[in-house]
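Heavy-atom basis, side chains included; hydrogens, waters and symmetry copies ignored. These figures come from a predicted structure and were not determined experimentally.
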Amino acid sequence: MGVLDRFEKSVERAVNNTFARVFRSELKPVELASALRREVDDRAAAVDRDRTVAPNEFTIQLSVDDFAQIESWGAEPLADELAANVTQYAGTQHYAFVGAVTVTFEEVEGLDTGRFEVRSSTVRGAVAPASAGAAPSSRHPLVDIDGQRYLLTGPVTVIGRGAEADIVVDDPGVSRRHLEIRVTPDGVVATDMGSTNGLYVEGHQVPAATLLDGNSLTIGRTRIMFWTGVADDSADGEW
(Lines give C-alpha, C1' and ligand atoms only; values in the text may rest on other atoms or scores of the structure.)
Protein backbone atom coordinates (compact mmCIF):
# COMPACT_ATOMS: atom_id res chain seq x y z
CA MET A 1 0.00 0.00 0.00
CA GLY A 2 1.42 3.39 -1.03
CA VAL A 3 1.78 6.50 1.09
CA LEU A 4 -1.32 8.12 -0.37
CA ASP A 5 -3.38 4.97 0.15
CA ARG A 6 -2.22 4.75 3.77
CA PHE A 7 -3.04 8.42 4.25
CA GLU A 8 -6.53 7.92 2.79
CA LYS A 9 -7.17 4.98 5.11
CA SER A 10 -5.85 6.83 8.15
CA VAL A 11 -8.06 9.83 7.40
CA GLU A 12 -11.09 7.63 6.93
CA ARG A 13 -10.52 5.87 10.24
CA ALA A 14 -9.54 8.94 12.28
CA VAL A 15 -12.14 11.29 10.90
CA ASN A 16 -15.09 9.07 10.00
CA ASN A 17 -14.96 7.10 13.24
CA THR A 18 -15.02 10.34 15.22
CA PHE A 19 -17.84 12.04 13.37
CA ALA A 20 -19.93 9.31 11.73
CA ARG A 21 -22.57 9.36 14.46
CA VAL A 22 -23.22 13.06 14.18
CA PHE A 23 -22.55 13.79 10.51
CA ARG A 24 -25.75 12.70 8.74
CA SER A 25 -25.81 14.70 5.49
CA GLU A 26 -24.60 13.42 2.13
CA LEU A 27 -21.28 15.12 2.82
CA LYS A 28 -18.61 12.86 4.34
CA PRO A 29 -15.65 14.12 6.40
CA VAL A 30 -13.21 11.98 4.42
CA GLU A 31 -14.30 13.88 1.31
CA LEU A 32 -13.35 17.12 3.02
CA ALA A 33 -9.95 15.71 3.97
CA SER A 34 -9.31 14.51 0.41
CA ALA A 35 -10.33 17.90 -1.02
CA LEU A 36 -7.92 19.66 1.33
CA ARG A 37 -5.15 17.34 0.24
CA ARG A 38 -5.85 18.13 -3.42
CA GLU A 39 -5.87 21.85 -2.63
CA VAL A 40 -2.47 21.52 -0.95
CA ASP A 41 -1.04 19.75 -4.01
CA ASP A 42 -2.58 22.23 -6.46
CA ARG A 43 -1.41 25.33 -4.60
CA ALA A 44 2.03 24.18 -3.42
CA ALA A 45 4.76 26.39 -4.88
CA ALA A 46 8.49 25.75 -5.12
CA VAL A 47 10.35 28.75 -3.70
CA ASP A 48 13.79 27.22 -4.23
CA ARG A 49 15.35 23.89 -5.11
CA ASP A 50 14.88 22.44 -1.63
CA ARG A 51 11.71 24.14 -0.39
CA THR A 52 8.09 23.91 -1.54
CA VAL A 53 5.61 26.06 0.37
CA ALA A 54 1.99 24.93 0.73
CA PRO A 55 -1.04 27.03 1.74
CA ASN A 56 -1.79 26.94 5.44
CA GLU A 57 -5.18 28.62 5.88
CA PHE A 58 -8.23 26.85 4.46
CA THR A 59 -11.90 27.81 4.25
CA ILE A 60 -14.48 25.14 3.42
CA GLN A 61 -17.65 26.65 1.99
CA LEU A 62 -20.74 24.61 2.83
CA SER A 63 -24.44 24.60 2.06
CA VAL A 64 -26.82 26.10 4.59
CA ASP A 65 -27.97 22.66 5.80
CA ASP A 66 -24.46 21.21 6.10
CA PHE A 67 -23.16 24.30 7.87
CA ALA A 68 -26.05 24.25 10.34
CA GLN A 69 -25.49 20.58 11.07
CA ILE A 70 -21.80 21.08 11.80
CA GLU A 71 -22.53 24.09 13.99
CA SER A 72 -25.20 22.22 15.93
CA TRP A 73 -22.60 19.93 17.55
CA GLY A 74 -19.51 22.10 17.21
CA ALA A 75 -17.26 22.62 14.21
CA GLU A 76 -14.02 23.02 16.14
CA PRO A 77 -13.21 19.30 16.65
CA LEU A 78 -13.65 18.53 12.97
CA ALA A 79 -11.64 21.59 11.92
CA ASP A 80 -8.80 20.54 14.24
CA GLU A 81 -8.88 16.98 12.89
CA LEU A 82 -8.75 18.19 9.30
CA ALA A 83 -5.91 20.62 10.06
CA ALA A 84 -3.93 17.81 11.69
CA ASN A 85 -4.43 15.61 8.63
CA VAL A 86 -3.33 18.39 6.28
CA THR A 87 -0.18 18.78 8.36
CA GLN A 88 0.44 15.02 8.28
CA TYR A 89 -0.03 14.84 4.53
CA ALA A 90 2.24 17.83 3.90
CA GLY A 91 4.95 16.06 5.85
CA THR A 92 4.76 13.02 3.56
CA GLN A 93 5.22 15.31 0.56
CA HIS A 94 7.97 17.43 2.17
CA TYR A 95 5.94 20.61 1.86
CA ALA A 96 6.70 23.54 4.15
CA PHE A 97 4.31 25.99 5.82
CA VAL A 98 4.96 29.63 6.74
CA GLY A 99 2.27 29.77 9.42
CA ALA A 100 -0.07 27.66 11.50
CA VAL A 101 -2.45 25.37 9.61
CA THR A 102 -6.10 26.32 10.17
CA VAL A 103 -9.41 25.12 8.77
CA THR A 104 -12.64 27.12 9.03
CA PHE A 105 -16.18 26.57 7.75
CA GLU A 106 -18.27 29.15 5.90
CA GLU A 107 -21.98 29.07 5.09
CA VAL A 108 -22.77 29.85 1.45
CA GLU A 109 -26.30 30.13 0.11
CA GLY A 110 -26.93 28.36 -3.18
CA LEU A 111 -24.78 25.31 -2.54
CA ASP A 112 -26.61 21.99 -2.57
CA THR A 113 -26.49 19.74 0.49
CA GLY A 114 -23.41 17.57 0.30
CA ARG A 115 -21.59 19.99 -2.03
CA PHE A 116 -18.69 22.16 -0.88
CA GLU A 117 -15.83 24.32 -2.13
CA VAL A 118 -12.34 24.83 -0.69
CA ARG A 119 -10.48 28.14 -0.64
CA SER A 120 -6.90 28.46 0.59
CA SER A 121 -4.20 31.05 1.18
CA THR A 122 -0.62 31.24 2.37
CA VAL A 123 -0.40 33.44 5.46
CA ARG A 124 2.81 33.96 7.41
CA GLY A 125 2.53 33.55 11.17
CA ALA A 126 4.82 33.42 14.19
CA VAL A 127 5.11 29.64 14.02
CA ALA A 128 4.53 26.85 11.52
CA PRO A 129 4.28 23.08 12.03
CA ALA A 130 7.58 21.47 11.09
CA SER A 131 7.50 18.50 8.73
CA ALA A 132 9.80 15.54 9.23
CA GLY A 133 12.36 16.93 6.81
CA ALA A 134 12.26 20.53 8.02
CA ALA A 135 15.72 21.98 8.58
CA PRO A 136 16.16 24.67 11.25
CA SER A 137 18.29 27.73 10.60
CA SER A 138 19.43 30.82 12.44
CA ARG A 139 16.65 32.73 10.68
CA HIS A 140 13.96 30.12 11.32
CA PRO A 141 14.88 28.07 14.41
CA LEU A 142 12.98 24.95 15.41
CA VAL A 143 11.57 24.04 18.81
CA ASP A 144 10.38 20.62 19.93
CA ILE A 145 7.75 20.68 22.68
CA ASP A 146 6.64 17.27 23.92
CA GLY A 147 7.18 15.76 20.49
CA GLN A 148 5.46 18.57 18.58
CA ARG A 149 7.90 20.44 16.33
CA TYR A 150 7.50 24.06 15.23
CA LEU A 151 9.51 26.35 12.99
CA LEU A 152 9.69 29.89 14.35
CA THR A 153 8.76 31.80 11.20
CA GLY A 154 8.14 35.18 12.84
CA PRO A 155 10.52 37.50 14.70
CA VAL A 156 8.70 37.00 18.04
CA THR A 157 7.04 33.86 19.38
CA VAL A 158 5.13 33.67 22.66
CA ILE A 159 4.72 30.31 24.41
CA GLY A 160 2.19 29.90 27.20
CA ARG A 161 -0.99 28.29 28.48
CA GLY A 162 -3.36 31.00 27.24
CA ALA A 163 -5.15 30.96 23.90
CA GLU A 164 -3.44 34.22 22.98
CA ALA A 165 0.00 32.52 22.91
CA ASP A 166 1.49 31.58 19.54
CA ILE A 167 2.25 28.09 20.89
CA VAL A 168 -0.23 26.89 23.51
CA VAL A 169 1.11 24.48 26.14
CA ASP A 170 -1.26 22.31 28.18
CA ASP A 171 0.59 22.55 31.49
CA PRO A 172 -0.90 24.05 34.69
CA GLY A 173 2.61 25.10 35.75
CA VAL A 174 2.93 27.35 32.71
CA SER A 175 1.62 30.92 32.80
CA ARG A 176 -0.75 32.24 30.14
CA ARG A 177 2.10 34.20 28.51
CA HIS A 178 5.16 32.51 29.94
CA LEU A 179 8.05 32.73 27.48
CA GLU A 180 9.04 34.96 24.58
CA ILE A 181 11.52 33.81 21.94
CA ARG A 182 12.84 36.66 19.80
CA VAL A 183 14.89 36.10 16.64
CA THR A 184 17.33 38.99 16.14
CA PRO A 185 20.36 39.62 13.88
CA ASP A 186 22.54 39.12 16.96
CA GLY A 187 21.03 35.82 18.05
CA VAL A 188 17.88 34.20 19.42
CA VAL A 189 16.86 35.46 22.86
CA ALA A 190 14.49 33.66 25.24
CA THR A 191 12.90 35.90 27.88
CA ASP A 192 10.71 35.07 30.87
CA MET A 193 7.53 37.18 30.66
CA GLY A 194 7.03 37.57 34.39
CA SER A 195 5.78 34.01 34.80
CA THR A 196 4.94 32.38 38.11
CA ASN A 197 7.41 29.48 37.84
CA GLY A 198 10.18 31.05 35.81
CA LEU A 199 12.36 30.01 32.89
CA TYR A 200 15.14 27.45 33.09
CA VAL A 201 17.84 27.08 30.40
CA GLU A 202 20.10 24.04 30.77
CA GLY A 203 18.85 23.72 34.36
CA HIS A 204 19.66 27.30 35.35
CA GLN A 205 16.84 29.70 36.24
CA VAL A 206 17.36 32.88 34.24
CA PRO A 207 15.34 35.99 33.35
CA ALA A 208 16.65 35.80 29.77
CA ALA A 209 19.20 33.88 27.71
CA THR A 210 20.75 33.94 24.26
CA LEU A 211 20.01 30.47 22.96
CA LEU A 212 22.46 28.14 21.25
CA ASP A 213 21.79 25.14 19.04
CA GLY A 214 20.67 22.16 21.15
CA ASN A 215 19.71 24.17 24.26
CA SER A 216 17.07 22.72 26.58
CA LEU A 217 14.50 25.07 28.13
CA THR A 218 12.02 24.23 30.88
CA ILE A 219 8.81 26.05 31.76
CA GLY A 220 6.58 24.42 34.36
CA ARG A 221 6.86 20.71 33.63
CA THR A 222 7.31 21.28 29.92
CA ARG A 223 10.67 20.74 28.25
CA ILE A 224 11.51 22.64 25.07
CA MET A 225 14.38 21.68 22.80
CA PHE A 226 15.80 24.47 20.65
CA TRP A 227 17.60 23.97 17.35
CA THR A 228 19.15 26.29 14.78
CA GLY A 229 21.29 23.75 12.95
CA VAL A 230 24.27 26.04 13.62
CA ALA A 231 26.96 24.36 15.69
CA ASP A 232 28.49 26.21 18.64
CA ASP A 233 31.34 25.22 20.92
CA SER A 234 29.44 26.34 24.04
CA ALA A 235 27.17 23.90 25.83
CA ASP A 236 24.95 26.49 27.47
CA GLY A 237 23.15 29.65 26.46
CA GLU A 238 24.59 33.01 27.52
CA TRP A 239 22.84 34.91 30.28
Side-chain angles (χ1 to χ4, degrees), residues 2-47 51-131 148 150-151 153-154 162-168 170:
V3 170
L4 299 187
D5 291 333
R6 290 198 299 272
F7 173 80
E8 192 76 39
K9 292 297 184 182
S10 69
V11 170
E12 188 168 6
R13 286 195 301 269
V15 180
N16 273 355
N17 289 348
T18 304
F19 299 103
R21 295 182 181 180
V22 292
F23 211 105
R24 300 300 185 185
S25 76
E26 297 177 8
L27 188 65
K28 299 295 188 295
V30 69
E31 295 174 351
L32 301 179
S34 296
L36 291 171
R37 184 185 67 185
R38 289 193 298 272
E39 183 73 7
V40 167
D41 286 335
D42 291 344
R43 295 289 304 278
V47 296
R51 191 165 183 255
T52 299
V53 173
N56 58 296
E57 293 193 359
F58 301 86
T59 299
I60 300 177
Q61 297 178 329
L62 300 165
S63 70
V64 173
D65 289 342
D66 287 329
F67 183 83
Q69 188 164 24
I70 290 178
E71 287 292 299
S72 69
W73 51 264
E76 185 175 350
L78 178 55
D80 289 346
E81 189 74 45
L82 291 171
N85 278 298
V86 166
T87 303
Q88 175 191 353
Y89 175 68
T92 68
Q93 303 303 301
H94 304 291
Y95 296 149
F97 297 113
V98 298
V101 177
T102 63
V103 176
T104 58
F105 300 104
E106 179 182 0
E107 179 182 3
V108 176
E109 294 186 5
L111 281 178
D112 295 332
T113 300
R115 298 293 299 275
F116 63 92
E117 297 179 2
V118 176
R119 301 286 183 265
S120 66
S121 57
T122 301
V123 180
R124 182 172 295 277
V127 296
S131 62
Q148 296 293 319
Y150 306 89
L151 281 174
T153 51
E164 66 273 20
D166 298 307
I167 301 177
V168 179
D170 184 14

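To the nearest 0.5 Å, atom OG1 of residue T104 and atom CD of residue Q61 are 9.5 Å apart. Expressed to the nearest 0.5 Å, how far CD of Q88 lies from CD of Q93 amounts to 11.0 Å. With values rounded to the nearest 0.5 angstrom, N85 atom CG is found 11.5 Å from D80 atom CG.
Under the 4.5 Å side-chain criterion, counting only non-hydrogen atoms from C-beta, E109 is in contact with V64. You'll find the side chain of L32 reaches within 4.5 Å of the side chain of L78, heavy atoms only. Side-chain contact between V101 and F58 is present, with heavy atoms from C-beta onward closer than 4.5 Å. When side chains are defined from C-beta on, L62 counts as touching I70, because their heavy atoms get closer than 4.5 Å.
Heavy atoms of other residues, nucleotides or ligands lying less than 6.0 angstrom from CD of E164 number more than 12.
One N or O on the side chain of D66 and one on the backbone of G114 form a donor-acceptor pair closer than 3.5 Å. Distance alone, capped at 3.5 Å, is enough to place a donor-acceptor pair between the T92 side chain and the Y89 backbone. For the pair N56 (side chain) and V123 (backbone), a donor-acceptor distance under 3.5 Å is present. Looking only at distances, no side-chain donor or acceptor of T153 sits under 3.5 Å from a matching main-chain atom of G99.
Between P55 and T122, the shortest heavy-atom distance links the atoms CA-OG1, 3.4 Å. Of all the heavy atoms in L111 and F116, the pair that sits closest is CD1-CA, 4.4 Å. The two atoms that bring V103 and A79 nearest to each other are O-CB, 3.3 Å, heavy atoms only. Of all heavy-atom pairs between A35 and V118, the closest is CB-CG2, 4.0 Å. Taking every heavy atom of both residues into account, F97 and A54 meet most closely at CD2-O, 3.7 Å.
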Begin with the C-alpha distance, continue with both residues' side-chain angles, and end with the deciding distance and a verdict on side chain to side chain contact (heavy atoms under 4.5 Å, CB included) for Y95 and D41. CA-CA 9 Å; Y95 296 149; D41 286 335; 2.8 Å; yes

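Under the rule for a salt bridge (Lys or Arg N to Asp or Glu O under 4.0 Å), E57 has no partner lying at least two apart in sequence or in another chain. Partners of E107 by salt bridge (Lys or Arg N to Asp or Glu O under 4.0 Å), not counting sequence neighbours: none found.
E39 and S120 are linked by a side-chain donor-acceptor pair at a separation below 3.5 angstrom, with hydrogens and angles left out of the test.
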